[in-house]
Amino acid sequence: MSVFLYNTMSRSVEPFKPISDEHVTMYCCGPTVYNYAHIGNLRTYIFEDVLKRTLLHAGYKVKHVMNITDVGHLTGDGDDGEDKMEKSARESGKSVWDIACFYTEAFFKDFDALHNIRPDIICKATDHISDMIALIKRLEVGGHTYIAGGNVYFSIDTFPDYGKLARLDLNELRSGARIDVDDNKRNPKDFVLWFTNSKFGEQAMMWDSPWGRGYPGWHVECSAMSMKYLGEHFDIHCGGIDAIPVHHTNEIAQSEAATGHTWVNYWLHGEFLLNDTGKMSKSSGEFLTLPVIIGKGYEPVDYRYFILGGHYRSQLRFSWQALDTARTSRKNLFDRIASLKAETAPASELGAVASKWAALFDEHLFNDLNAPRGLADLWGVLKDDAVPAAEKLAAAYGMDAVLGFGLETVRARKQEDELVDDPQALALVEQRAVAKKARDFKLADEIRAKLDTLGYIVKDTPTGTTLVKKM
RNA sequence: GGUGCCGUACCCAAGCGGUAAGGGACAGGUCUGCAAAACCUCUAUGCAUCGGUUCGAUUCCGAUCGGCACCUCCA
């Protein structure tokens, strides 16, 4: 069965066909490590992870590359913005290198906690300056650059297809009111490839180059690194939807101007996570990070479940109520898995009915990553009486390879009880059993209340009383 | 000014031409001294409004109303 993906370039769902039979080549824009990632940023990485897992599930080998932007990402367009890394360093009194290191570590802590599979190659911009310089030289030889005010610019007028991804109408843009006027630029949409001077003074990060000592522009890093690791023509490039009009548009211009041919076949973009006021950002509203959510008693997978409940190409509005719902659902899901595990081992093969569910799941995920449908299929097989327990478990594990909840690591239910080894609590359970037998329900209820304050929930089942630790 | 998206039950959210997935919540049931837990069952003749196309529209087209994002650093 083939995989279908929505390609931003064509604005339509297309059958996915990789360039090489060997493996799928995929590049994802990574974080700029000047601050913590908020949960909206994290949504995009979950989407990319589901994409990667779906391709793996479909039988492809995937070569996944992600960058770490630790230099060159400005706070503003043109050559008048301050470097985000430098700004953060100045404000915190640390070195830019320390800042990058600290936030990179924090980023991957979140990344891993959400069960995202790590990219095969993680590349830092500062380790690839020579590759960027080589690319800029190539553009220079091709006549796509000019120097003004000490900086090297890319001239978009030398690239006729400029703006094709975003379907920009350059005439409209030129007359628009929101374009900064920059006297150095021949065209307002031209952008810097290499900076040698900044009005914010000396940068800590500077390298020698044919154009003088300086540092690279933001867009050039992704072009240089992706081509280094994936070749000059690769399959998939993803990122957030906001990257379409500027970052990815400029990447395409540089890359295709340099090579003279198509650079990427499929462009996939994740939609935004919104909050009450609109777009989630670092400057407005509560700055929500994964640690904040964990601090309020949620598991990282609760957030993953919440995200998978919506389609990656739809805006999703975050609310605590929605996260509560996701957490309850996820707990219920894990409870079912725990019960099944206590009962049986996963089947080695699926019967006809379970196979039908598995096929349905594949069909939905292979159709532009319909994770909400996939989730419904997971519930479907778990609730289908026609499917034996062992097959339910096996089918659930199969689907989880894509959904990534980590169902195989869920503890079997019976082991829950064994966790309680508090002698005081166990003694109280004994006392309550005696009281119940004597029909002294008042005492029994008092003991139950006491256990509650100790942090245990009493469950009376047909086979006896058990204790469960409160979550 | 330009570009794109969305309005589906109490909430979240799929479906996008053939008669409404799933989850949560609520309610009922089994069990139980009661409760919790668990399990089962149930919840939209209707998908913002009004027109149009069609044998047939939530799905296509047009208009209207109401949200949102992007064109500026942003995932």
Side-chain angles (χ1 to χ4, degrees), chain A residues 8 11 28-32 34-35 37-48 73-78 81-84 87 163 166-180 189 218 238-247 249 269-274 277-283 305-306 308-319 321-333 335-336 339 360 364 367 370-380 383 385 413 435-436 439-442 444-445 448-449 452 457-462 466 468:
Chain A
T8 304
R11 305 286 152 100
C28 300
C29 286
T32 300
Y34 68 105
N35 199 341
H38 66 237
I39 60 174
N41 298 309
L42 264 16
R43 181 185 185 192
T44 300
Y45 298 105
I46 293 174
F47 137 63
E48 291 162 353
H73 197 166
L74 305 182
T75 55
D77 193 20
E82 191 174 7
D83 186 285
K84 286 188 175 185
K87 183 165 183 277
R167 304 200 169 178
L168 300 177
D169 181 336
L170 294 177
N171 294 320
E172 286 295 337
L173 285 170
R174 234 170 287 202
S175 62
R178 303 179 74 185
I179 300 291
D180 291 340
K189 295 295 281 182
W218 174 38
C238 344
I241 195 164
D242 58 303
I244 296 170
V246 180
H247 185 49
T249 288
H269 295 95
E271 252 293 358
F272 275 129
L273 181 72
L274 308 177
T277 57
K279 186 176 66 177
M280 194 162 285
S281 74
K282 287 170 184 171
S283 51
Y305 192 103
F306 165 68
L308 264 36
H311 191 97
Y312 80 92
R313 282 197 289 120
S314 295
Q315 292 175 346
L316 190 60
R317 197 171 289 276
F318 176 84
S319 70
Q321 191 197 12
L323 191 59
D324 276 344
T325 296
R327 177 220 257 152
T328 304
S329 306
R330 190 232 94 214
K331 277 185 177 170
N332 289 160
L333 173 65
D335 278 351
R336 271 180 193 266
S339 297
L360 217 47
H364 290 138
N367 182 200
N370 194 331
R373 266 293 184 169
L375 223 38
D377 297 326
L378 173 58
W379 281 103
K383 288 191 167 186
D385 293 336
R413 162 151 306 180
K436 276 181 71 176
R439 301 193 70 77
D440 184 352
F441 298 122
K442 189 164 176 262
D445 288 347
R448 182 165 61 203
D452 187 76
I457 295 166
V458 176
K459 291 184 182 179
D460 289 330
T461 71
T466 63
V468 176

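Proteins come first, then strands; the chains are lettered A, B, ... in the order of their sequence lines, and each starts at number 1.
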Taking only the [atom1] atom of each, what is the distance from [N] to [M] in whole angstrom?
N	M	atom1	answer
B:U54	B:G66	P	32 Å
B:G1	B:C26	C1'	49 Å
B:U3	B:U19	P	37 Å
B:C16	B:C10	P	24 Å
B:G24	B:U64	C1'	34 Å
B:U30	B:G22	P	25 Å
B:A44	B:C6	P	26 Å
B:A57	B:U49	P	15 Å

In the structure I gave you, are the side-chain heavy atoms of [X] and [Y] within less than 4.5 Å of one another anywhere?
X	Y	value
A:C28	A:Y45	no
A:W379	A:L333	yes
A:D83	A:Y34	no
A:D445	A:K442	no

Rounded distance (nearest 0.5 Å) linking atom OG1 of A:T8 with atom NE2 of A:H269: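 Reported to 0.5 Å precision, the distance equals 5.0 Å.
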Inter-residue atom distance A:H38.NE2 - A:F318.CZ, 0.5 Å rounding: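 Reported to 0.5 Å precision, the distance equals 11.5 Å.
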Check the distance between [N]'s [atom2] and [X]'s [atom1] and give it to me in whole angstrom.
X	N	atom1	atom2	answer
A:L168	B:G2	CG	C1'	10 Å
A:H247	B:C71	NE2	P	14 Å
A:R313	B:C70	CZ	P	18 Å
A:I241	B:C5	CD1	C1'	8 Å
A:W379	B:G22	CH2	C1'	9 Å
A:I457	B:A36	CD1	C1'	8 Å
A:I244	B:G4	CD1	C1'	9 Å
A:L274	B:C5	CG	P	16 Å

The single option from A:I241, A:T44, A:D242 passing side-chain contact (heavy atoms from CB on, under 4.5 Å) against A:E271: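 Among A:I241, A:T44, A:D242, the one meeting side-chain contact (heavy atoms from CB on, under 4.5 Å) with A:E271 is A:I241.
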Please enumerate all protein N or O atoms sitting under 3.5 Å from an N or O of nucleotides 9-16 of chain B, with distances to 0.1 Å.
unit_1	atom_1	unit_2	atom_2	d
B:A13	O2'	A:G309	O	3.2
B:A14	OP1	A:H311	N	2.7
B:A14	O3'	A:N370	ND2	3.2
B:A14	O2'	A:R373	NE	3.4
B:G15	OP1	A:N370	ND2	3.2

Can you pull every protein N or O that's under 3.5 Å from an N or O on nucleotides 40-44 of chain B?
unit_1	atom_1	unit_2	atom_2	d
B:C40	OP2	A:R336	NH2	3.2

For the student: nearest non-hydrogen atoms of A:K436 and A:A444, plus distance: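 Taking A:K436 first and A:A444 second, the nearest heavy atoms are CG-CB, 3.9 Å.
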For A:L42 against A:A37, the heavy-atom pair lying closest together: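 In this case the closest contact between A:L42 and A:A37 is CD1-CB, 3.8 Å.
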side-chain hydrogen bond (donor to acceptor under 3.5 Å, both in side chains) involving A:N370 - partner list, sequence neighbours excluded: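 None.
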Residues in side-chain hydrogen bond (donor to acceptor under 3.5 Å, both in side chains) contact with A:H364, at least two apart in sequence or another chain: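 Once residues adjacent in sequence are excluded, the partners of A:H364 under the side-chain hydrogen bond (donor to acceptor under 3.5 Å, both in side chains) criterion are A:D377.
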Touch class at under 4.0 angstrom, heavy-atom based, for A:G40 against every strand present: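 Base contact.
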Sugar-phosphate only, base, or nothing, as touched by A:L42 at under 4.0 Å among non-hydrogen atoms: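 The answer is nothing, as A:L42 stays clear of every strand by at least 4.0 Å.
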RNA chain B: 5'-proximal contact among A:A376 and A:C29 (nearest heavy atom):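 Looking at the nearest nucleotide for each, A:A376 comes out on the 5' side.
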A:K189, nearest nucleotide to its side chain (from B:C74, B:C34, B:C71):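 The closest nucleotide is B:C71.
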Residues in side-chain contact (heavy atoms from CB on, under 4.5 Å) contact with A:R439, at least two apart in sequence or another chain: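 Scan of A:R439 (side-chain contact (heavy atoms from CB on, under 4.5 Å), adjacent residues dropped) gives A:F441.
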From CA spacing to verdict: side chain to side chain contact (heavy atoms under 4.5 Å, CB included), A:F306, A:L316: CA-CA 10 Å; A:F306 165 68; A:L316 190 60; 3.9 Å; yes
Short side-chain N/O contact to B:G23 OP1/OP2 from A:N332, under 4.0 Å: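 False: A:N332 side-chain N/O out of range (4.0 Å or more) of B:G23 OP1/OP2.
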Watson-Crick or G-U pairs under 3.5 Å in RNA chain B, rendered as dot-bracket with [ ] for crossing pairs and | for another strand: (((((((..(((.....[...)))..((((.......))))......(((((..]....))))))))))))....
Quiz item: A:R448 side-chain donor-acceptor pair to B:A35 base, under 3.5 Å: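 When only heavy-atom distances are counted, A:R448 does reach the base of B:A35 through a donor-acceptor pair under 3.5 Å.
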Distance-only donor-acceptor test (3.5 Å): side chain A:D445, base B:G33: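 Check passes, donor-acceptor contact within cut-off.
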